[in-house]
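Nothing fancy with the numbering, it's 1 onward along the sequence. Values reported hereafter were calculated over all heavy atoms of this structure, with side chains retained and with hydrogens, waters and symmetry mates removed. The shown structure was predicted, so the numbers you read here are calculated from the model rather than taken from an experiment.
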Amino acid sequence: MRKKTWLIIAAVLLMAMGFGAYYIVARAPIFTGYAAKNLASGIFVAGRSEAELLDQDLNFSLVAWANTEVDYKNKRVNADFFGFGKQTAVYREGLGVYLIESDLYPDAEAQSQVLLNVPLGFDTIAWPRGNKNSLSLAEVFDMEKLNRAMNGAFEKGATRSVLIAYDTVGFVEQYAKGFDAETKQLGWSMSKSIASALVGILEREKGFDINAPAPIAEWKNDERSKIPTRSLLNMTSGLKWTEDYGDISEATIMLYQRTNHAQYAIDCPFQESFDSKFYYTSGSSNILTEIVKRQLGNQEAYWQFPYQRLFNRIGMFQTVYESDGSGNFVGSSYTYATTRDWARFGLLYLYNGIWFGDTVLNPSWVNFTHQAAPNSNGDYGAQFWLNQSKLELPDAPADIYFADGFHGQRVYICPSKKLVIVRLGLTKNKDFDYNKFVTEVLASLKNKETIGIKP
């Protein structure tokens with residue numbers, strides 16, 4: 001009887017081990033793809049060291065199990081898990097890094113574009129049109145309280161940088177060891193807010209109608225033909241989608257197993273009528289950037305579009321909006337920018353889309369951006385999160401809206417206080433108190449009227 005019991009236990013253990021091995025191997029392309037892509041972008045886009053990235057950014061969960069090899073000469077990173085889930089990430093000048101899924105895009109590695117360098121004398125031009133922070137914020141803030149709030153942001157949650165910008169007056173910033181004003185940091189899903197801005201520019205400059213059915217030819221003969229672009233912006237498209245990064249899902253298949261991210265999202269089937277349900281989907285953001293490409297009708301013009309019509313106009317000269325192997329910007333996930341550039345993006349919205357006389361976005365578009373999406377409970381607008389429901393910031397003003405990215409990336413826009421608050425880091429397990437940080441910053445204001453110069 002004892003021998004039979006041990007045989008049963010052994011059989012169960014072997015089955016469990018076999019299932020565990022199968023489970024991990026089946027998901028290997030997710031964590032090896034994550035490792036290859038983020039290691040390559042960290043080295044070749046952000047200019048950080050391989051050792052630091054492996055120790056800090058990639059040392060968690062199954063991602064830490066990936067074996068990586070960096071080819072510095074050809075700017076490639078290979079990753080695998082004991083021979084399984086092999087992934088290759090490739091860097092291209094001006095377009096960032098993409099994962100090779102197949103040979104469907106044989107010319108992808110040769111893609112490139114030239115980006116503008118930071119203009120000469122940029123550090124001598126007053127903020128935010130340049131980097132010169134010439135005016136003291138002591139008239140606006142209780143600096144002792146503000147410094148205490150900023151220092152507190154670095155105590156927990158692996159904060160890497162914070163920047164507080166008040167109107168057009170100036171800014172204060174602080175960085176963790178190894179990071180500075182020149183470090184490009186990954187915004188993750190804050191990229192979605194940039195995708196929204198690009199559609200807004202398309203509306204202003206090309207008369208694009210977001211309330212008309214989305215111009216996706218693949219949808220013209222089925223129920224998806226009724227989905228307006230606005231519903232993609234609001235995350236209420238009704239397309240079948242699961243946003244789960246810890247398992248095999250539409251989100252992880254799109255990012256780590258498909259070269260053409262937008263096409264994968266476009267091919268998702270109809271599940272329910274648009275606007276009937278709010279559901280956060282990264283696929284919608286990549287469809288939006290694909291719509292921009294199709295409306296422009298030219299690959300080179302499309303690659304230049306975010307730079308010529310957005311970034312360069314507001315001084316975001318150190319921003320890289322990465323594209324996939326098909327040449328489509330990964331509007332869901334991949335933007336690298338300095339902390340100051342992220343702040344400038346927030347200021348554009350604080351200024352209602354007008355940058356020192358240059359109307360980048362219609363004020364009506366900015367207003368639409370922070371109107372609650374259908375059935376979102378006041379949590380979401382148009383590729384921006386809202387504080388109307390007080391879900392993240394229960395003690396902060398309800399008019400705050402923000403770009404939100406994985407691992408705690410935030411750009412808070414607070415119109416009633418004339419503030420933009422940027423916080424970037426590597427937060428895991430919800431160990432950063434966003435409400436405490438933002439409310440402490442707000443409490444440091446002296447509540448005087450702005451002394452800035454209206455843009």
Side-chain angles (χ1 to χ4, degrees), residues 27-72 74-81 84-102 104-105 108-109 111-112 184-192 243-265 282-283 285-286 289 319-337 405-407 409 426:
R27 288 152 181 76
I30 299 173
F31 61 85
T32 58
Y34 184 103
K37 165 68 182 64
N38 288 283
L39 183 57
S41 291
I43 293 171
F44 301 119
V45 177
R48 296 175 60 202
S49 74
E50 178 182 355
E52 181 185 70
L53 288 159
L54 290 172
D55 179 61
Q56 297 180 13
D57 298 59
L58 304 176
N59 190 21
F60 72 98
S61 186
L62 294 176
V63 176
W65 294 11
N67 175 58
T68 56
E69 181 182 24
V70 182
D71 178 349
Y72 286 92
N74 296 303
K75 297 186 176 180
R76 298 161 69 100
V77 172
N78 296 311
D80 69 83
F81 173 70
F84 295 99
K86 293 183 178 180
Q87 294 271 31
T88 299
V90 180
Y91 170 78
R92 302 142 305 158
E93 190 68 34
L95 296 173
V97 171
Y98 77 101
L99 284 173
I100 298 175
E101 173 234 337
S102 66
L104 291 175
Y105 300 94
E109 192 168 352
Q111 297 171 343
S112 67
K184 296 182 181 70
Q185 298 190 57
L186 175 58
W188 284 109
S189 285
M190 295 203 299
S191 306
K192 294 177 171 68
E243 189 84 2
D244 182 352
Y245 288 90
D247 207 343
I248 299 171
S249 70
E250 281 83 359
T252 54
I253 291 171
M254 175 184 70
L255 289 180
Y256 304 119
Q257 294 184 275
R258 296 293 185 273
T259 303
N260 190 328
H261 301 339
Q263 191 61 56
Y264 176 76
S282 287
S285 306
N286 291 326
T289 52
T319 298
V320 177
Y321 202 34
E322 293 187 294
S323 75
D324 63 20
S326 75
N328 191 54
F329 291 115
V330 187
S332 64
S333 312
Y334 298 144
T335 309
Y336 279 82
F406 181 52
H407 278 161
Q409 320 317 314
L426 193 67

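- In this view, Tyr256 satisfies the ring-ring contact (aromatic ring centres under 6.0 Å, His included) rule with no residue, not counting sequence neighbours.
- The CZ atom of Arg76 lies 14.0 Å from the CD1 atom of Ile43; values are rounded to the nearest 0.5 Å.
- You'll find the side chain of Val70 reaches within 4.5 Å of the side chain of Phe44, heavy atoms only.
- Within the 4.5 Å cutoff, the side chain of Lys192 has heavy atoms near those of the Ser282 side chain.
- Annotation: salt bridge (charged side-chain N to carboxylate O under 4.0 Å, His left out) contacts involving residues 89-98, sequence neighbours excluded, are absent.
- Using a 4.5 Å heavy-atom threshold, the side chains of Tyr336 and Glu322 count as touching.
- Side-chain atoms of Tyr72 and Glu50 include a donor-acceptor pair closer than 3.5 Å.
- For Phe406, the ring-ring contact (aromatic ring centres under 6.0 Å, His included) partners at least two apart in sequence or on another chain are Trp188.
- For Tyr321, the ring-ring contact (aromatic ring centres under 6.0 Å, His included) partners at least two apart in sequence or on another chain are Phe329.
- Within the model, atoms CG of Leu54 and OG1 of Thr68 stand 4.5 Å from one another, a figure rounded to the nearest 0.5 Å.
- Counting only N and O atoms by type, the side chains of Tyr264 and Asn286 include no donor and acceptor under 3.5 Å apart.
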* Asked: Where do Thr289 and His261 land on the side chain to side chain contact (heavy atoms under 4.5 Å, CB included) test, with the steps shown first?
  -> CA-CA 10 Å; Thr289 52; His261 301 339; over 6 Å; no
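- The backbone N or O of Arg258 lies less than 3.5 Å from no partner atom in the side chain of Glu101, so there is not a single donor-acceptor pair.
- The nearest pair of heavy atoms linking Ala46 to Gly42 is CB-O, 3.4 Å.
- Listed for the Ser49 side chain is a donor-acceptor partner under 3.5 Å among the backbone atoms of Glu52.
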* To do: Could you give me the CA-CA distance, side-chain angles and deciding distance for Lys37 and Tyr334, then say whether side chain to side chain contact (heavy atoms under 4.5 Å, CB included) is met?
  => CA-CA 10 Å; Lys37 165 68 182 64; Tyr334 298 144; 3.6 Å; yes
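- Applying the side chain to side chain contact (heavy atoms under 4.5 Å, CB included) rule to Ala337 yields the partners Thr319, Asp341, Trp342; only residues at least two apart in sequence or on another chain are considered.
- Judged purely by atom type and a 3.5 angstrom limit, Glu69 has no side-chain atom pairing as donor or acceptor with the backbone of Asn78.
- The shortest distance between side-chain heavy atoms of Tyr245 and Leu255 falls below 4.5 Å.
- Applying the side chain to side chain contact (heavy atoms under 4.5 Å, CB included) test to Ala36 and every residue at least two apart in sequence or in another chain returns Val77, Ala79, Gln87, Ala89, Leu99.
- By the 4.5 Å heavy-atom criterion applied to side chains, Asn38 and Asp57 are not counted as neighbours.
- Annotation: the span from Asn67 atom CG to Lys86 atom NZ amounts to 10.5 Å, rounded to 0.5 Å.
- Separating the CD atom in Gln185 from the CE atom in Met190 is a distance of 8.5 Å, to the nearest 0.5 Å.
- Once rounded to the nearest 0.5 Å, the distance linking CD of Gln111 with OH of Tyr98 reads 7.0 Å.
- Remark: Ser332 OG to Asp324 CG distance equals 9.5 Å, nearest 0.5 Å.
- With hydrogens and angles left out, the side-chain atoms of Asp80 and Thr32 include no donor and acceptor closer than 3.5 Å.
- Looking at Ser61 and Tyr34, their side chains never bring a donor and an acceptor atom within 3.5 Å of each other.
- Checking Ser326 against Asn328 by side-chain atom types alone, no donor-acceptor pair falls below 3.5 Å.
- For Phe84, the CZ atom sits in a loose shell: 12 or fewer heavy atoms of surrounding residues, nucleotides or ligands are nearer than 6.0 Å.
- A donor-acceptor contact under 3.5 angstrom links the side chains of Ser191 and Thr335, judged on distance only.
- You'll find the side chain of Thr252 stays beyond 4.5 Å of the side chain of Asp247, heavy atoms only.
- Of all heavy-atom pairs spanning Ala35 and Leu58, the tightest one is O-CD1, 3.9 Å.
- The two residues Glu243 and Ala251 have their closest heavy-atom pair at OE1-CB, 3.8 Å.
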* Let me see the working for Ile248 and Arg27 under side chain to side chain contact (heavy atoms under 4.5 Å, CB included), right down to the final yes or no. => CA-CA 7 Å; Ile248 299 171; Arg27 288 152 181 76; 3.8 Å; yes
